[in-house]
Asks: 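Below you'll find the structure I mean.
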Amino acid sequence: MRAFHVLLGLSILLLTGLAYADSPYHAITQGQVAYTEHPTDQPPLSGWQETGLPFSGSARQTTGTFWFRFPVEALPADQRDSLYVAHHVFDITVYLNGHRVGSTERLDGLESTGWNHPFYTAIPALFWQETGNQLLVRIRSGEPNAVLSPVFLGAQTALQTHYQQTVRQKIHIAEWSMITCLIMGGLTLFIWLLRRKDRLYLYFSLLCFSWSVVMFYLAIPFAPFDHGSWLRFAFYCVDLSGFFLFMFLYELMKLERPRLKFTAIIAVLLSAVLLFSMPMHLHSLVITLVHGMHLALVVYLLVIGTRIAIRKRSRELLVLIPGFLIIAALVLHDIYAFQVAARQPGGLPEGTYMQYGFAVLLILIFIHLVRTFVRALNSSETLNSQLEKRVAEVSASLEQSYAENHALALHNHAQQERQKVYRDLHDDVGAKLLSILHSRAEDEKSLLAREALSSLRETVNQSARDVLPMNELLSNTLSETKNRLTHARIPFETTFSGDIPDLPADPQKAYHLSRILRELTSNIIKHANQGTVRLHCAASNHTLHLTLQDQGPGLSVIDNPQGMGLTNIRYRATDIGAIVKWENLPEGGCQCRLEIPIAALQLSL
């Protein structure tokens, strides 16, 4: 309450020259006061004592009612319109010549608070008498004590204008400060919920919420519960604001001083214990001690922060200095306003702004946090764009590398298959040439030599190629079959149905398929007798169908399934997962059907 006593002293200096000024209002500073132990609606008949205004009751007089009696001499007509009181604690009721002029008493029973809420009321002209006017003021007492500042009677245009200015400067600023703190606190708390590791936003949101309670105390004209508890809670929120400001600065500067942090925690806990346990009349000592400790800690951090900011040229820390300079400027403004009012006889005190300087600092910090968040967001978007570009480049490089590796793998696989083919060539052709050497019949030698030559050509042709698509592989194989049958003077027809896929064929499976068709063609050449050979190719249901018909009347493969290469055909068909069926034709001859899964022929790495 020391700040209040200082304000009362300044008010006395302000009013020293009112009696000598020709002003549109009249100040009442002298009268009588009486106190009743219990609330009453009637002024006491005894116990009146002389008093002056401003008045502050004793800390022991907190349960009754104060009555003030002021004789009012004849006033000019332009000073009878209205009444104005800058400060009153608590409920105030004004009577003029027994008539009730105005009151702040609430019907819901809640206590009115007038420390930050001035009182103004118009006075009807018929309440005035020619002489012997008496003004009665009733003030309900409560914790911490009752207060009444000088009473002004004057012209409605002057006092009402001043009342409206005071309301704008005090009440409206407090309301907007409270709303602003709630908005800033809500936004930063939301950001903290998304970024739990960044405690700067948490401390700032708690700072805003605690200070919004202080602004709420100044904005509303009543106490939501018992005023003593309400005042203690408001004082503690001031301490919480100082504590969270300290923690914000501590986190912002990234300090590692556990003792300093521990001192701040002990101070805020001690504040809670003292404020809610000690008598109200000792609160001025508690407030001075605890508020001073938090202020000293904050100032200490600001000194450290200023040194760090200057040394490291940190804009994040330098941004706080203008905020405190603004607060200092507001305090100087208020002191200057009181001095000007004291030098002007009859002047009314202007509004004060020092209690709202903290809100200005919060706004500056909030702007800084928003700018920091926007810069981080822009930086994140830039890094994300660069990362996407880098990922695209790496993906393209990986795709190119994969294509190269795939081609290399195909080449290596083909080379391996060529080696297998060469081994088969050695076994097959070598065996036939050995038979030629031990054969006695010239015709048999000629036949075996031709077969060896054909087998050699077939094997070399297959091994000389890389991986081929299935349609191209089948086309090459059918072309060779046609050439062989044409040289043997056997008619050959080919038909297709469906689209043969262009998937890459496994070289080993392709080799087995060509050998199967080679064996079948060789059997037809050996046993056909001027019959027509037809080959039908079809692709359906993921299966390749090959049907080879021999319509000649000669000996066919169906008559001797164990000889003439049929065993080799079954063996190679098993390697490619094919189903082989031999059937006799009704008109003579036979046919061989192959059903080969396309997936079995496809190359897989």
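Along the sequence shown, residues are numbered consecutively beginning with 1.
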Asks: Rounded to the nearest 0.5 Å, how far apart are CD of Glu50 and CZ of Arg69?
Replies: 9.0 Å

Asks: Could you check if a side-chain atom of Thr65 sits within less than 4.5 angstrom of a side-chain atom of Ile139, using non-hydrogen atoms only?
Replies: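 With C-beta onward as the side chain, the pair stays apart.
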
Asks: If you count heavy atoms of other groups shown closer than 6.0 angstrom to CZ of Phe225, is the number above 12?
Replies: yes

Asks: For Pro258 and Tyr250, which heavy atoms make the closest approach, and how far apart are they?
Replies: N-OH, 3.9 Å

Asks: When you look at CG of Leu398, are more than 12 heavy atoms from neighbouring residues, nucleotides or ligands closer to it than 6.0 Å?
Replies: yes

Asks: Say whether, by atom type as modelled, one donor and one acceptor occur between the side chain of Ser241 and the main chain of Cys237 under 3.5 angstrom.
Replies: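 A pair under 3.5 Å: yes.
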
Asks: Do Ile28 and Leu135 come close enough that some side-chain heavy atom pair is under 4.5 Å?
Replies: yes

Asks: Let's go through Phe70 and Leu53 carefully: what are the C-alpha distance in whole Å and the side-chain angles of both, what is the deciding distance for side-chain contact (heavy atoms from CB on, under 4.5 Å) to 0.1 Å, and is it a yes or a no?
Replies: CA-CA 11 Å; Phe70 307 103; Leu53 299 182; 3.6 Å; yes

Asks: Nearest heavy-atom pair of Gly185 and Ser205: which atoms, and what distance?
Replies: O-CB, 3.3 Å

Asks: Run the salt-bridge test on Arg138 and Glu105 with the 4.0 Å N-O cut-off and return the result as yes or no.
Replies: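 Yes, this pair counts.
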
Asks: Are there more than 12 heavy atoms of other residues, nucleotides or ligands under 6.0 Å from atom CZ of Phe127?
Replies: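 It does: Phe127 CZ has more than 12 such atoms within range.
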
Asks: Can you list everything that forms a salt bridge (charged side-chain N to carboxylate O under 4.0 Å, His left out) with Arg257? Sequence neighbours excluded, please.
Replies: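 Residues passing salt bridge (charged side-chain N to carboxylate O under 4.0 Å, His left out) with Arg257: none at all.
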
Asks: Ignoring hydrogens and angles, tell me if any N or O in the side chain of Ser112 forms a donor-acceptor pair with the backbone of Thr104 under 3.5 Å.
Replies: yes

Asks: Do Ser141 side-chain atoms and Gln61 backbone N/O form a donor-acceptor pair below 3.5 Å?
Replies: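 It does hold such a pair.
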
Asks: Find the distance between OG (Ser177) and CE (Met184) and round it off to the nearest 0.5 Å.
Replies: 8.5 Å

Asks: Strictly distance-based, threshold 3.5 Å: is any side-chain N or O of Asp81 a donor or acceptor partner for the main-chain N or O of Ala155?
Replies: no

Asks: Do Leu231 and Tyr217 pass the side-chain contact (heavy atoms from CB on, under 4.5 Å) test, and can you show the C-alpha distance, the side-chain angles, and the key distance before you say yes or no?
Replies: CA-CA 8 Å; Leu231 183 61; Tyr217 175 83; 3.1 Å; yes

Asks: To the nearest 0.5 Å, how far apart are OG1 in Thr93 and NE2 in His88?
Replies: 10.0 Å

Asks: Going by heavy atoms in the side chains, are Val85 and Ile92 under 4.5 Å from each other?
Replies: yes

Asks: Does the side chain of Ser271 come within less than 4.5 Å of Tyr236's, by heavy atoms?
Replies: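 Tyr236 reaches Ser271 side chain to side chain.
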
Asks: As a quick check of understanding, evaluate side-chain contact (heavy atoms from CB on, under 4.5 Å) for Glu388 and Val391, giving each step before the final call.
Replies: CA-CA 5 Å; Glu388 290 179 353; Val391 168; 5.6 Å; no

Asks: Determine yes or no for a side-chain-to-main-chain donor-acceptor pair under 3.5 angstrom, with Trp67 supplying the side chain and Leu136 the backbone.
Replies: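 Judged by distance alone, no pair lies under 3.5 Å.
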
Asks: Thr113 and Ala223: which non-hydrogen atoms are nearest, and at how many Å?
Replies: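 Here Thr113 and Ala223 meet closest at CG2-N, 4.3 Å.
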
Asks: Donor-acceptor check, side chain of His117 to backbone of Ile220, threshold 3.5 angstrom: yes or no?
Replies: yes

Asks: How about Leu206 and Leu240: do any of their side-chain heavy atoms sit closer than 4.5 Å?
Replies: no

Asks: Of all heavy-atom pairs between Thr51 and Gln30, which one has the smallest distance, and what is that distance?
Replies: O-OE1, 3.4 Å

Asks: On the ring face of Trp192, is Arg199 found with NZ or CZ under 6.0 Å from the centre and within 45° of the axis?
Replies: no

Asks: Which heavy atom in Asn145 sits nearest to a heavy atom in Ser56, and how many Å separate them?
Replies: ND2-OG, 2.8 Å

Asks: Is it the case that the ring center of Phe55 lies less than 6.0 angstrom away from the ring center of Phe66?
Replies: yes

Asks: Considering non-hydrogen atoms only, spot the tightest contact between Gly102 and Thr121 and give its length.
Replies: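 Looking at all heavy atoms of both residues, the closest pair is CA-OG1, 4.0 Å.
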
Asks: Roughly how far, to the nearest 0.5 Å, is the OH atom of Tyr201 from the CG atom of Leu193?
Replies: 13.0 Å

Asks: So, do Leu153 and Gln79 sit near enough that their side-chain heavy atoms are less than 4.5 Å apart?
Replies: no

Asks: Contact between Leu187 and Phe366 at the side-chain level, heavy atoms closer than 4.5 Å - yes or no?
Replies: yes

Asks: Using atom types as modelled and distance alone, determine if a side-chain donor or acceptor of Arg232 lies under 3.5 Å from a backbone N or O of Leu275.
Replies: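 The answer is yes, because a donor-acceptor pair under 3.5 Å joins these two groups.
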
Asks: Can the ring centroids of Phe90 and His227 be said to lie less than 6.0 angstrom from one another?
Replies: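 Between His227 and Phe90, which both carry aromatic rings, the centre distance is below 6.0 Å.
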
Asks: With distance as the sole test, does Ser149 use its side chain to make a donor-acceptor pair with the main-chain N or O of His87 at under 3.5 Å?
Replies: yes

Asks: Dump the intermediate steps for side-chain contact (heavy atoms from CB on, under 4.5 Å) on Gln164 and Val167, then the final yes or no.
Replies: CA-CA 5 Å; Gln164 293 173 350; Val167 169; 5.7 Å; no

Asks: I'd like to know if Arg106 pairs up with Glu111 as an ion pair, taking the criterion as any Lys NZ or Arg NE/NH1/NH2 lying under 4.0 Å from an Asp or Glu carboxylate oxygen.
Replies: no

Asks: From Leu207 CG over to Ser212 OG, what is the distance, rounded to the nearest 0.5 angstrom?
Replies: 9.5 Å

Asks: Donor-acceptor pair, Ser397 side chain versus Glu393 backbone, under 3.5 Å?
Replies: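 Such a contact is absent between Ser397 side chain and Glu393 backbone.
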
Asks: Could you go step by step and tell me if His162 and Tyr84 meet the ring pair (Phe, Tyr, Trp, His ring centres under 6.0 Å) rule?
Replies: CA-CA 9 Å; His162 184 75; Tyr84 173 82; 5.4 Å; yes

Asks: Before we go on, tell me: are the rings of Phe248 and Tyr203 under 6.0 Å apart, centre to centre?
Replies: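 No; Tyr203 has its ring centre 6.0 Å or more from that of Phe248.
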
Asks: Should Tyr95 and Val137 count as side-chain neighbours, where that means a heavy-atom distance under 4.5 Å?
Replies: no

Asks: Just by modelled atom types, is the Trp128 backbone N or O under 3.5 Å from a matching donor or acceptor in the Asn97 side chain?
Replies: no

Asks: Can you measure from CZ (Arg196) to CD1 (Ile191) and round to the nearest 0.5 angstrom?
Replies: 13.5 Å

